[in-house]
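Shown next, in structure tokens, is the structure this report addresses.
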Amino acid sequence: MEAGTVRQTGPHMIGIAKRHLQSVRRRDFLAGAALIDGRWVTKASTDTVVDPATEEDIAEVSRCSAGDVNLAVTSAETAFGSWRALLPATRGAILRSWARLMLEHSDDLAVLVTSEQGKPLSESRHEITYGAGFLDWFAAEGERAYGETIPSHKPGSLLQVRMQPIGVSAAITPWNFPVAMITRKAGAALAAGCPIIVKPAPETPLSALAVARLAEEAGVPPGVFQVLVGDPIELSASLLEDTRIRALSFTGSTQVGRLLLEGSAATVKKVSLELGGHAPFLVFDDVDLRKTVRGVMAAKFATSGQDCLAANRIYVQRRIYSDFIDSFAAAISKLRVGHGLDATTDIGPMTKAAVANKCRAQISDAAAKGARVFSPKLGDELGENFVAPTLLSDVTEEMLIAHEETFGPVAAVLPFDSEDEVVARANANEMGLAGYVYTDNLRRALRLSEQLECGMIGINTASFTGPPIPFGGWKQSGLGREGSRHGLAEYMELKYVCFGDLTG
Ligand code: NAD
């Protein structure tokens, strides 16, 4: 494998985000005000939003405080009574309008996502459609919170189980899907009858605030959907200690997830956590190599690798190992690196410098321990946040990348010999979010779908998420589920009612 120079899109990155932001038609999307109690609140102190490709300042957003969290919770509590009293179909109609408005404004929203997050514009557009899909789907699912009638174990009685909204909820969301991780939570909460307060990642507040503008326009009442940007520790602490918040949904790292779980204990909140992943991607020697490489490219390089579903360990059966490496390297060498707003870019910058540094550390560690490295050189005009799409082959379990989440465009390939061996190696990880199996053997596919210890498995596909599926992980990848009827249940309490003495 030759490590040449990476394919780069145009070097003219300085000012590109600002120019695109100037062409955003909805100027209010850039106002930077928080949405609290149905009002757009502007603060004297602000946080700066940065284009991760150039590290230029592109916008300012108001910095909220613990006092603002208190106001937001009071407003949400007031709104809860009337929101839960609406017919589910009425709440659904509002959610559908919100989804429609997102699609109508998807060009503007996509520019915001790429400008602050860095992903290619086509992926940002896809995120808007994907994100709006959760609102649409939960609009209908709210009408199906059926409950149960239980055959009674007591003579002359009727036993019912009802699903009721849990109350004011909070969401702490990440920067890699700055729109869809909000709508996946808010769609479920609002459909269930719960108001929700969102604290987005400080790297990507513009997308969150723009989505809030559209929520208001769609008719979401004051207090039902609120967005506060500010210091994560200060705002989260206020959300955690407030007894009026009954449910907390978090997407982010396992490390922060643990802190939030601990912090929720004092007020016994219902906690749902979508945390890190370390997906094994198993390739058996009976596969169609062309289709498999297409799958692994999607599973590794979507969102520039900053995806919790990303293939972190690609296990390839020895007989086809060398052919696989050649085809994979050829596909990787076609990727173009550059600014997400350049239409020809496949891989944008890492959103945070820490992610780029972690990628580089994993590459050096693997190289020092004997991995073969195919890592094209980046041009000087691409700054520190860019990481060249890199292939590491002959990776072993001793290397950092084999057990630490990468969250960037670095692909680790490990050879294996037998099915039993690869299942044991795939499961030998504390993460259990997603897994992938490529094989033409149906019996083997069925066996592996049983044996792999993860919440979601793609068999001969790298594309399986969406509103109807229960998204979530096993082990330290999280608690609870998002999307699907299980996602709705995260915002509901069960109530058991026994009607006795019916014969009297
Ligand atoms: P992170 O956990 O640092 O940040 C996520 C959110 O938590 C942000 O809103 C951030 O402001 C907030 N936060 C950070 N520190 C906090 C603290 N001490 N107290 C309270 N809130 C705090 O995660 P990250 O590094 O920004 O994102 C990458 C991680 O998120 C990866 O590990 C990835 O796997 C995970 N992730 C998981 C999913 C999923 O659905 N399972 C989706 C996206 C990202």
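In each ligand, atom 1 is the first atom listed, and ligand 1 is the first ligand listed.
Nearest to atom 24 (P) of ligand 1 among the protein's heavy atoms is Trp175 NE1, 3.3 Å. Considering only non-hydrogen protein atoms, atom 23 (O) of ligand 1 sits nearest to Ser253 N, 3.4 Å. The protein heavy-atom contact nearest to atom 32 (O) of ligand 1 is Glu405 OE1, 2.7 Å. For atom 9 (O) of ligand 1, the closest heavy atom belonging to the protein is Thr173 O, 2.6 Å. Nearest protein heavy-atom contact of atom 18 (N) of ligand 1 is Ile233 CG1, 3.6 Å. Among protein heavy atoms, the minimum distance from atom 16 (C) of ligand 1 is reached at Val256 CG1, 3.6 Å. Counting protein heavy atoms only, atom 30 (O) of ligand 1 is closest to Gly252 C, 2.9 Å. At the shortest separation from atom 20 (C) of ligand 1 among protein heavy atoms lies Ser236 OG, 3.0 Å.
Thr396 and Glu398 share a donor-acceptor pair across their side chains, judged by distance under 3.5 Å alone. Checking Glu274 against Thr251 by side-chain atom types alone, no donor-acceptor pair falls below 3.5 Å. If you check the side chains of Glu404 and Gln362, you find a donor sitting under 3.5 Å from an acceptor. Side-chain contact of Thr74 with Arg244: a donor-acceptor pair under 3.5 Å is present, judged by distance alone. Side chains of Ser124 and Thr114: a donor-acceptor N/O pair is present below 3.5 angstrom, by distance only. With 3.5 Å as the limit, one finds no donor-acceptor pair spanning the side chains of Lys119 and Thr303. Between Glu116 and Ser207, the side chains place a donor N or O and an acceptor N or O closer than 3.5 Å (distance only, hydrogens not considered).
More than 12 heavy atoms of other residues, nucleotides or ligands lie within 6.0 Å of CZ in Arg100, so this atom counts as buried by the packing criterion.
Remark: ligand 1 atoms within the under-4.0 Å shell around heavy atoms of Gly276 are 32 (O), 34 (O). Contact atoms of ligand 1 toward Leu433: 41 (N) (distance under 4.0 Å to a heavy atom of the residue). In summary, the atoms of ligand 1 found under 4.0 Å from a heavy atom of Arg184, numbered by their order in the structure, are 40 (O). Below 4.0 Å from some heavy atom of Asn176 lie the following atoms of ligand 1, by number and element: 43 (C), 44 (C). Counting atoms of ligand 1 from 1 in the listed order, those under 4.0 Å from a heavy atom of Ile172 are 6 (C), 7 (O), 9 (O), 12 (C). Each of the following atoms of ligand 1 lies closer than 4.0 Å to a heavy atom of Ala201: 8 (C), 9 (O).
Using a 4.5 Å heavy-atom threshold, the side chains of Phe386 and Met350 count as separate.
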Give every donor-acceptor pair under 3.5 Å between a side-chain atom in residues 461-469 and any protein atom, sequence neighbours left out.
unit_1: Thr461; atom_1: OG1; unit_2: Ser463; atom_2: N; d: 3.0
unit_1: Thr461; atom_1: OG1; unit_2: Ser463; atom_2: O; d: 3.3
unit_1: Thr465; atom_1: OG1; unit_2: Tyr130; atom_2: OH; d: 3.4

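Contact annotation for His278 and ligand 1: no heavy atom of the residue comes within less than 4.0 Å of the ligand. Only the backbone of Leu275 comes within contact range of ligand 1, with a heavy atom under 4.0 Å; no side-chain atom does.
Ligand 1 is never approached by Phe177 to a heavy-atom distance shorter than 4.0 Å. For the ligand labelled ligand 1, residue Lys352 lies inside the 4.0 Å heavy-atom shell. Within the 4.0 Å heavy-atom cutoff, Pro202 counts among the residues contacting ligand 1.
The shortest N/O to N/O separation between Ser477 and ligand 1 does not fall below 3.5 Å. In terms of polar-atom proximity, defined here as any N/O pair under 3.5 Å, Thr251 makes no such contact with ligand 1. Every N/O-N/O distance between Leu259 and ligand 1 stays at or above 3.5 Å.
Ionic pairing of Lys269 and Glu241 is not present here: no N-O contact between side-chain nitrogen and carboxylate oxygen is shorter than 4.0 angstrom. Look at Glu490 and Lys270 and you find no salt bridge, because none of the NZ, NE, NH1 or NH2 atoms lies under 4.0 Å from a carboxylate O.
Here the two rings, on Phe281 and Tyr438, have centers that are under 6.0 Å apart.
Around atom 10 (C) of ligand 1, the closest heavy atom drawn from Glu274, Met431, Lys199, Lys358 belongs to Lys199.
Between Ile16 atom CD1 and Glu56 atom CD the span is 10.0 Å, to the nearest 0.5 Å.
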